[in-house]
Amino acid sequence: MNFAIRGWSVGIVLATAVAVVPSLHAQPARDSVTTHARLVLSITEFQAAWQRAWRESETTRQESPNGAAQLRLRTPLIHCHPTERDSQFIQTYWYGNDDVVRQKNFQFAQIAGRNSMFAACPTWLFADPSPAAQDERFGRDAALLEPMRVGMHDLRGLLLSELDVAASNTPADGWLSGQRVRFLFDQNDVPGALAAANACKAARWWCAALRGYAQARINEIGPAETAFREMHRAMTPAQRCEWDDVRELLLPTERGAYTSLLCSARVSATEKFWWLSDPLLRVPGNERQVEHNVRRVEIALHSALEQDERYNWTDRFGGDVMTSVVLRYGWPGYTGWGGDYIDDDHTDYLETRSSPRTSPYTTFEYSIDRVHTLPPWSTVASPFSALETSWSMSPDDLLGHPYTEWWPIEHFRTRRRLVQLPEGQHALLRRETGIRVAATITLDHPMLRTGAALDVMMVSSPEPSRVDSLSRRAIRAGTIGVMQGVIPPAPTVIAVEAIGTGTRAVDARARFGVVPPPTLQSMRAGDIAVSDPVLLDVQNGKVNVDMPGDSLLDHMLNTVHLNSRTRRVGVYWETYGVASTDTVTVSVRVATDEQLSAIRRLGMALNLAQNPNREVVQSWTEPDARRGSKTVDGRVPIGPHAIVLNLGLLQPDSYVLEVSVVRRDGTAATGRRRITIER
Amino acid sequence: MKNRFEALRARLTPLTKPRGFVMRCVSCVGAIATLASAPALAAQDTSLVVVEKVRLVVTMIPPKLRIRQPRLAQVGFYSWRLDLKTADGLSIVLASDTVMRTDNIRDIVRGSTLRRCSDGKDFSSLRCRTPMTDSVSVRDDELRIVIRDSTIVAMVRKERPRTMWGSTFEPNGRFRVDRLTVDFDDDDDEKPPPETGMAGLATGQRATKTPYVQKP
C-alpha cells in the first residue's frame, strides 16, 4: 500500500499488501531528486555504520563468559526455517546465574515469508544479553556496547544536521518528516522529535500519525489517541481500511471470518475488536490500540527505505515477515546475532531454495512482562457472551512470569504491569428499574504483593464508546472482594479493574459479558421468575442462611469450581412475583447434564457399571415456617432465599445447579448456574 | 571457567540432539562446528582484501546486482566503501558523482570516483573529497579496486588488520556490510617479484612497475 505524501510516498507494508518503499509517484524537480538521493545515501551509510557497530557489539558479547553458551541457545532461532512445522516447540536450555542449567521450552512460533524462505522465530528474552545490552525500548543504541553508543550518537548527529537542512528547504516532504522523527527518537532527543512531529507540513493524515507516534513514545496515551483519531479522519476510506486491517493479529483459523467482511462492515467489527482489547476500560484511552498505530507508523518509518539498520523490508527479502513481527509483537527488546559464520550458513540455506540473502539474521526476543489483551474473534462476534476465560492475557508461574511454552499470536507491553485475575462468580438480580450485578474478585496473583492496597472499580461498558462506573472501593491484595452495582437491563461488558497504589505499579483485571434478565418493572402481573443461584461461602461461619437478604451477596463464593474443601456451600437465589402468601414448590437440584454413552448404559443395565450421574435434590413447599423467608413486598415481590448444600457425594465433574419454583397454578420458573466439582 | 563450560557442554551434548534439532541444522552445515572456519566461509563470498607488497587488491560484490532478475533501475547514488579501524581511521569510497538511473555495474563504475575520506567520521561517501588515482575494474559483476598509494599500503602493512569492513550501497536504501578477510601476501617474501605484468591487473589497463621493497 502506498500513502502518497506530496510527491513522495511512505510505504505502509500490510499483511497482504506488497511491500512498497518510497517511490517517485509524481516526478519532483530535478534538484529535489538529487537532494532526496543524497539523503537516502546518507541514511543508508549511517545505517551501515550502525550495523558495523552492532555486529562488533554482538561479537564482543559472544566473547563474554556466557556468550558462547547463549549463542548456542539462540542458534536454532536464528536458523528459523519455514520448512519446519509451524507452532512446534524446540528445546533450548537457559543458564542461570547459579550454575544451574534450567530447561525451558520455547515455542517455535514461526512467521514465514510469503515471497521468500525467510522466516522469524520470535520468542521470549532468553537471559540477560550481557554485557551491557539494554532493551531497545530504551532507544535504538541500547543494542550497542556502551563505548560505541557515543560514536554512533555523534554520527547520527551529523545525519540529523543534514536532514534538518533538507527539511528547512522542503518542509512538506512527508518522507523527510518521518525520518527526522525516527532518528531524533533514536538519538533520544525527545523534545526535538516532538518538535519535528509538530512541525510536519506534509499530508494531514501522515503528520497526525507522526504526532500520535511521538506522543505515544513519551507515554502520553491520551494525546496520542487524539492524534491518531485525527489521522483516521484525514485518511481516505481505502487508506483507512488498509491501515485498520487487523487480520495479522487474528489466529489463522479466525482470519477467514474477518477477511470475508467488506471494508464497510469491518469498521464496526474492528471498533469492537479494539474495545474488547483495551487493557483497562476505566483508564481513558486505549493503550493497545495506540500501540497498534505506533507499530504501523514504526513499520512505515523503517520500510521507507528498502533496509533499516538490520533488516530488509521488501517482500522478496522477507519484509513481509518483518512487518508481521512488528505488527504482532512490536520492536524486539533484543536481537541476538550469531556472527558471520551463522549468517553464511543460513544464506546457504536460503540460496539453495532460491531465496536471496537477507543477512544479518537475528533472534527476535521480547521481555516477559507482556500481555495478550486481544480477545478471540468469537468474542468480538458475541461480546456479551464473553467469559473471564475468553481473555488469556498471560498464564503465569509462581513468580508471575509467563510460562515460556505460551506464545500468543500477539502481545504488547503495558506501561504498568497488568495481570489477569482468577475466574470468579457473578450474579444478576432483578430490581425495579435496573439489574443489580454482583461479582467476586480474588485479588490473588504472584505479582500482587499480599496486603498491598488496590483501588478496585467495577465498570460496565455496553458499547465501544461508553464506560459507566458502577462501584469503587479499596481492597487489599491477597483477599477476596465483592463488587456490586446496578446496570440498565441491556447486554453489557462488566469489568472489575484494580489499580495498584503506591510504588507497586501492578494492575489487575477480570472481564466478562452479561445479558441481563428483564427488570421487575417490565414483568407482567402474575409472572414469576427466579434468579440464577449464587454460591455462598459458608465456611467462615458468618453466613446466616436463616435470615436471607441481598447482604448475603457480600459472602459470595469466589469461584464456581468447588474443591475438596468447599463441598459444603450456601446457595442464594431470589424469586420474583411470588408473594409471601403464595403456595409454591421449590426444588434445588444439582445434576450433570451429560449424556451417557451406549456402552455405559449397557453396563448399567447389566449391573456392571454405575450411573455416574448422581444428583442432589432438595424439594419443599412454601410458605414454610421452618425456613427463613423475608419477602420484600411491592408490585412484583422479591423473595430472597438461601440454603446450605453438601455436595460431598458428587463425583468430580461439571454440574448444573438448578433452582425451580412451581406455583399451584402450574406457572414455573427456573434459575441455573454451571458449577464444577473438582478433586 | 573453562571446566565449567566443558561440564555444561558434556551435559548438553546428548540433550541437544533430538531429531528435530538435527534435521533443522542439516542444511546449516553445522553452525557450531564451523566456528574455526569462519574466515574461510566469509571469504567464499568473494569479498576480500589481499595485501601485497606494494598494493591492496580489494574485491567486493554489489548487494543486489548478483541477483539476476529483471527489475527497474533505481534512481540515486551507488557507493562502495572500505573502512579500516586504525588510530587515524581509514575510509576509501568509490561513489557515483551524480544521481544515476541504471543497474549496470560497468556504467556505475564509469560514473564513479575513488576517494579517500578525510577522517573516519565521514559517514557519507559524498563528503569524502580526496581523489585517488588507483584503478577500479569490474569482473563478473565483482568490483575490483587496486590501491597503490604507498602511504595506505604501508599503513595497512603496519597495522596488519585481520579484517576490514566493506560496505556497498545502492539507491533506495539497499546496502550490504561485509567483514572482509585481509590476506597478507607475505609468502612472496621469499620469491623474487614478477618480472612482467601485475597479477590481477585488468585487461587493457596500464600500470607502472613498482620497485621491489624489502620488508622492514
Side-chain angles (χ1 to χ4, degrees), chain A residues 21-24 33-34 36-38 40-49 51-52 55 65 68-69 72 75-76 78-79 81 83-84 88 90-91 93 95 99 101 103 151 154-155 158-159 162 304-308 312 316 338-342 344-349 352 356-357 359-360, chain B residues 1 4-5 7-9 11-12 15-16 18 20-21 23-25 27-32 34-35 37-39 41-42 44-45 63-64 67 69 74-79 81 83 85 93 95 98-100 121-127 165 167-179:
Chain A
V21 291
S23 58
L24 304 175
V33 172
T34 304
H36 180 77
R38 279 178 174 276
V40 167
L41 183 62
S42 293
I43 290 174
T44 310
E45 289 199 71
F46 168 77
Q47 294 186 146
Q51 188 185 111
R52 288 196 294 268
R55 284 164 65 163
R72 189 184 174 116
T75 299
I78 296 171
H79 278 290
H81 294 176
T83 42
E84 294 289 338
Q88 66 173 314
I90 56 169
Q91 278 194 327
Y93 301 87
Y95 295 79
D99 283 354
V101 180
Q103 179 178 334
D154 292 346
L155 272 191
L158 292 172
L159 171 64
E162 275 190 35
L305 293 178
E306 285 194 28
Q307 283 176 250
D308 66 9
N312 195 306
R316 182 166 154 63
D340 288 325
Y341 56 99
I342 289 185
D344 289 334
D345 279 348
H346 197 55
T347 294
D348 282 349
Y349 168 84
T352 54
R357 172 194 183 110
S359 61
Chain B
M1 188 58 71
R4 176 184 161 197
F5 280 108
L8 289 175
R9 183 184 298 173
R11 289 170 66 182
L12 285 171
L15 299 174
T16 51
F21 181 84
M23 292 306 287
R24 183 175 6 270
C25 284
S27 56
C28 297
V29 202
I32 309 294
T34 54
L35 252 168
S37 56
L41 274 173
Q44 283 175 7
D45 227 346
K64 190 174 181 182
I67 299 165
Q69 57 162 346
Q74 299 284 349
V75 180
F77 290 98
Y78 288 82
S79 172
R81 184 182 179 107
D83 289 288
K85 237 184 185 177
V93 300
T98 57
V99 169
M100 303 184 115
K121 287 190 174 178
D122 274 341
F123 73 92
S124 173
S125 302
L126 303 180
R127 289 181 174 219
W165 286 110
S167 313
T168 54
F169 304 93
E170 286 188 11
N172 215 11
R174 185 178 298 259
F175 70 94
R176 174 170 166 168
V177 174
D178 288 301
R179 206 190 296 262

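Chain letters run A, B, ... following the sequence lines, proteins first, then strands; residues in each count from 1.
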Taking side chain as everything from C-beta outward and backbone as N, CA, C, O, which of these in A:Asn312 sits under 4.5 Å from a heavy atom of chain B? Side chain, backbone, both or neither. side chain

Applying side-chain hydrogen bond (donor to acceptor under 3.5 Å, both in side chains), name anything that partners A:Thr44, two or more places apart in sequence or on another chain. none

Note, A:His36 side chain near B:Val99 side chain (heavy atom, < 4.5 Å): no

For A:Arg38, enumerate each residue passing the side chain to side chain contact (heavy atoms under 4.5 Å, CB included) test, keeping only those at least two apart in sequence or located in another chain. A:Thr34, B:Phe77, B:Leu126

Salt bridge check: are A:Arg357 and B:Asp178 linked by an N-O gap of less than 4.0 Å? yes

Where is the tightest heavy-atom contact between B:Val177 and A:Arg52, given as atom of each residue plus distance? CG1-CG, 3.5 Å

Which atoms of A:Ala49 are under 4.5 Å from chain B, going by heavy atoms: the side chain, the backbone, both sets, or neither? neither

Mind listing the closest non-hydrogen atom pair of A:Val40 and B:Asn172 along with its distance? CG1-N, 3.7 Å

Atom pair CZ (B:Arg174) and CD (A:Glu306), whose distance is rounded to the nearest 0.5 Å: 4.0 Å

Side chain, backbone, both or neither: which part of A:Leu159 has a non-hydrogen atom closer than 4.5 Å to chain B? both

Cationic N near anionic O, under 4.0 Å, B:Arg127 to A:Glu162: yes

Taking atom CD of A:Gln51 and atom CH2 of B:Trp165, what is their separation to the nearest 0.5 Å? 7.5 Å

Rounded to the nearest 0.5 Å, how far apart are CG of A:Leu41 and CZ of B:Phe175? 11.5 Å

Consider only side-chain N and O atoms of B:Ser79 and A:Glu45, and report whether a donor and an acceptor are under 3.5 Å apart. no

How close do A:Ala37 and B:Gly76 get, heavy atom to heavy atom, and via which atoms? CB-CA, 3.8 Å

